[in-house]
Amino acid sequence: MSVGFIGAGQLAHALVKGFTAAGVIATHRITASSPDTDLPTVLGLRKMGVNLTTSNKETVNKSDVLFLAVKPHIIPFVLDEIGPDIEDRHLIVSCAAGVTISSIEKKLLQYRSAPKVMRCMTNTPVVVKEGATVYATGTHAEVEDGKLLEQLMASVGFCTEVEEDLIDAVTGLSGSGPAYAFTALDALADGGVKMGLPRRLAVRLGAQALLGAAKMLLESEQHPGQLKDNVCSPGGATIHALHFLESGGFRSLLINAVEASCIRTRELQYLADQERISPAAIKKTTLDKVKSGLSLFNNRGSGLKKKN
Amino acid sequence: MSVGFIGAGQLAHALVRGFTAAGVIATHKITASSPDTDLPTVQQLRKLGVNFTTSNKETVSRTDVLFLAVKPHIIPFVLDEIGPDIEDRHLIVSCAAGVRISSIEKKLQQYRTSPKVIRCMTNTPVVVREGATVYATGSYADVEDGKLLEQLMASVGYCTEVEEDLIDAVTGLSGSGPAYAFTAVDALADGGVKMGLNRRLAVRLGAQALLGAARMLLDSEQHPGQLKDNVCSPGGATIHALHVMESGGFRSLLINAVEASCVRTRELQYLADQEKISPAAIKKTTLDQVLQQPGVTPDAVGVRSRGISMFNSSSSSSRTKKK
């Protein structure tokens with residue numbers, strides 16, 4: 001089985017690093033393509049032994065499982081480009097936030113009667129094999145296709161199948177979740193430094209505390225509130241700290257964050273569905289390399305930049 | 001080497017579970033003591049195969065490395081009780097928040113010239129072997145003693161030596177840290193449920209996202225801010241979410257939390273140092289049970305007044321109960 005990536009950015013790089021660390025696939029069986037060869041991730045992929053090319057068609061020819069790892073607004077162009085080359089064996093896995101299975105199937109049905117499409121939402125910690133992934137299967141994908149994808153993604157973290165209508169909520173929670181955690185860790189370290197710890201130790205302890213707590217929760221049947229209670233001795237330091245968090249609406253900020261990310265994902269999906277992407281919305285250089293020499297793309301209109 | 005725990009509560013239980021999972025010590029070489037045999041953790045320790053007793057003196061005589069895993073305000077009583085039984089071989093490791101090495105050494109020096117004392121601050125994720133521990137060595141503990149403790153604690157997570165004056169800050173950060181994380185996951189799951197996920201999946205995804213991010217940071221040389229940048233695509237969902245967090249002062253709340261926990265730890269330490277513990281400050285049952293031990297006299301544990309009637313009146317007043 002060969003795996004291909006359309007797009008050689010953060011996501012492709014993270015997945016390849018995870019897959020190879022897990023040993024589920026050898027790097028020489030992985031191909032990745034991107035028009036931009038200057039990306040740092042491209043160099044990283046090369047170093048890992050991945051076959052790199054600037055031709056998306058080549059990636060399609062050399063793989064069986066094809067990950068679409070490009071920004072959502074690029075998806076339609078990619079599908080038009082590779083549509084004619086899709087074969088029966090191909091399993092198309094879109095990782096693009098907010099892009100519906102039906103929109104992908106609609107595009108590919110111009111070229112093929114039963115394109116096998118799956119949609120997944122993962123996150124960057126796949127790079128350390130602690131990702132969180134959900135997937136939904138398209139109309140023509142079979143149970144075995146789902147199992148194959150699940151095997152791949154389970155090698156780099158948690159993976160489960162869901163109904164497609166839940167994926168935007170998952171984006172808001174575990175898709176964006178690492179960013180919430182990095183922000184929290186930065187702040188916790190600031191707190192430690194304020195109280196006298198050297199920065200390096202503060203970052204280390206903060207990250208270790210979050211990791212340990214998350215692991216406890218994953219391995220426990222208990223409610224997070226119960227685990228929180230267990231750590232709060234009467235009149236002690238921890239409950240004093242928690243009061244500050246609650247007073248400031250800590251919980252509410254996190255609910256707001258999940259909601260905001262989910263809503264923005266749906267918004268981007270809606271804009272994409274309207275299929276009226278202004279040229280200015282697409283990064284000039286990327287589109288130039290995808291479709292060469294259209295004069296429209298030479299004027300730098302500002303317009304509404306719709307990107308994920 | 002045998003390990004003993006004075007106290008058989010959450011901390012002792014978490015450490016024993018971690019140590020045995022890591023295989024650094026066999027359970028039959030562990031002893032734990034507590035006057036209260038009804039604690040759920042006591043039953044769990046028994047199930048793990050730990051030697052359990054109600055006698056602290058028995059724990060002392062059977063062990064080499066002795067963890068003091070009781071609440072800070074109990075420490076002085078325990079030290080007075082076991083002081084006479086400490087031998088040269090004993091390494092006393094205090095896990096009590098805010099209790100200084102000097103106060104422990106001072107107590108023990110009534111009985112022994114060079115008591116080997118180490119102070120450590122750990123946290124509950126030792127139970128899944130992902131703890132965060134720091135320790136400071138006392139005047140008479142050798143380098144080997146520090147290494148021994150470090151070996152034990154490193155088997156259940158991260159462990160490093162620090163100067164003692166940093167330990168209160170560590171308490172605020174990684175000591176209390178898991179509680180911040182549990183609260184965060186509860187809230188994240190609420191967010192997921194609000195947007196349509198079932199609770200179980202929401203909790204799972206929230207915890208996994210935190211775990212993965214923390215692991216990425218630990219394995220990376222990059223700044224947390226850089227890792228955050230890497231996840232925020234232009235105009236995308238994540239940066240929208242981050243904006244609402246920043247608008248609400250998310251970072252500041254966490255700095256406040258670390259500070260509050262640290263400040264409270266120092267406050268408790270100050271109260272303890274004053275050595276004026278009112279009888280009402282100590283849970284009646286605990287003290288009664290300690291007093292019931294053979295060979296333990298009220299004077300020996302420094303109960304200043306027998307004031308039994310005071311314990312029987314359930315006056316609320318300012319109960320300076322401590323962590």
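All values below come from the heavy atoms of this structure, side chains included, with hydrogens, waters and symmetry mates left out. Bear in mind the structure is a predicted one, so any value in this text is a computation, not a measurement. A, B, ... follow the sequence lines: proteins, then strands. Residue 1 opens every chain.
- The minimum heavy-atom distance between A:Ala187 and B:Leu254, with the atom names listed, is CB-CB, 4.0 Å.
- The CG atom of A:Leu242 sits 4.5 Å away from the OG1 atom of B:Thr183 when rounded to the nearest 0.5 Å.
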Full working for side-chain contact (heavy atoms from CB on, under 4.5 Å) between B:Glu246 and A:Thr183: CA-CA 9 Å; B:Glu246 301 283 6; A:Thr183 306; 3.9 Å; yes

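- Neither the backbone nor the side chain of A:His243 comes within less than 4.5 Å of any heavy atom in chain B.
- Considering A:Val134, A:Thr133, A:Val162, A:Asn123 as possible partners of B:Leu205, the one that fulfils the side chain to side chain contact (heavy atoms under 4.5 Å, CB included) test is A:Val134.
- Only the side chain of A:Gln10 comes within contact range of chain B, judged by heavy atoms closer than 4.5 Å.
- Taking both residues in full, the closest heavy atoms of B:Pro125 and A:Ala213 are given as CG-N, 3.7 Å, listed atom of the first, atom of the second, then distance.
- Atoms CG and CD, on A:Leu217 and B:Gln208 in that order, are 11.0 Å from each other to the nearest 0.5 Å.
- Between the CZ atom in B:Arg129 and the CE atom in A:Met216 there is a gap of 15.0 Å [rounded to 0.5 Å].
- The part of B:Val231 that comes within reach of chain A is its side chain, from C-beta onward, which places non-hydrogen atoms under 4.5 angstrom from that chain.
- Per-residue heavy-atom pair counts under 4.5 Å with chain A were compared for B:Leu217, B:Leu201, B:Thr160, B:Val185, and the maximum is reached by B:Leu217.
- Distance check: B:Lys228 NZ to A:Leu185 CG gives 13.0 Å after rounding to the nearest 0.5 Å.
- Between A:Asp190 and B:Arg251 there is no salt bridge, since no side-chain N of the basic residue sits under 4.0 Å from a carboxylate O of the acidic one.
- Within the 4.5 angstrom heavy-atom criterion, no atom of A:Val126 approaches chain B.
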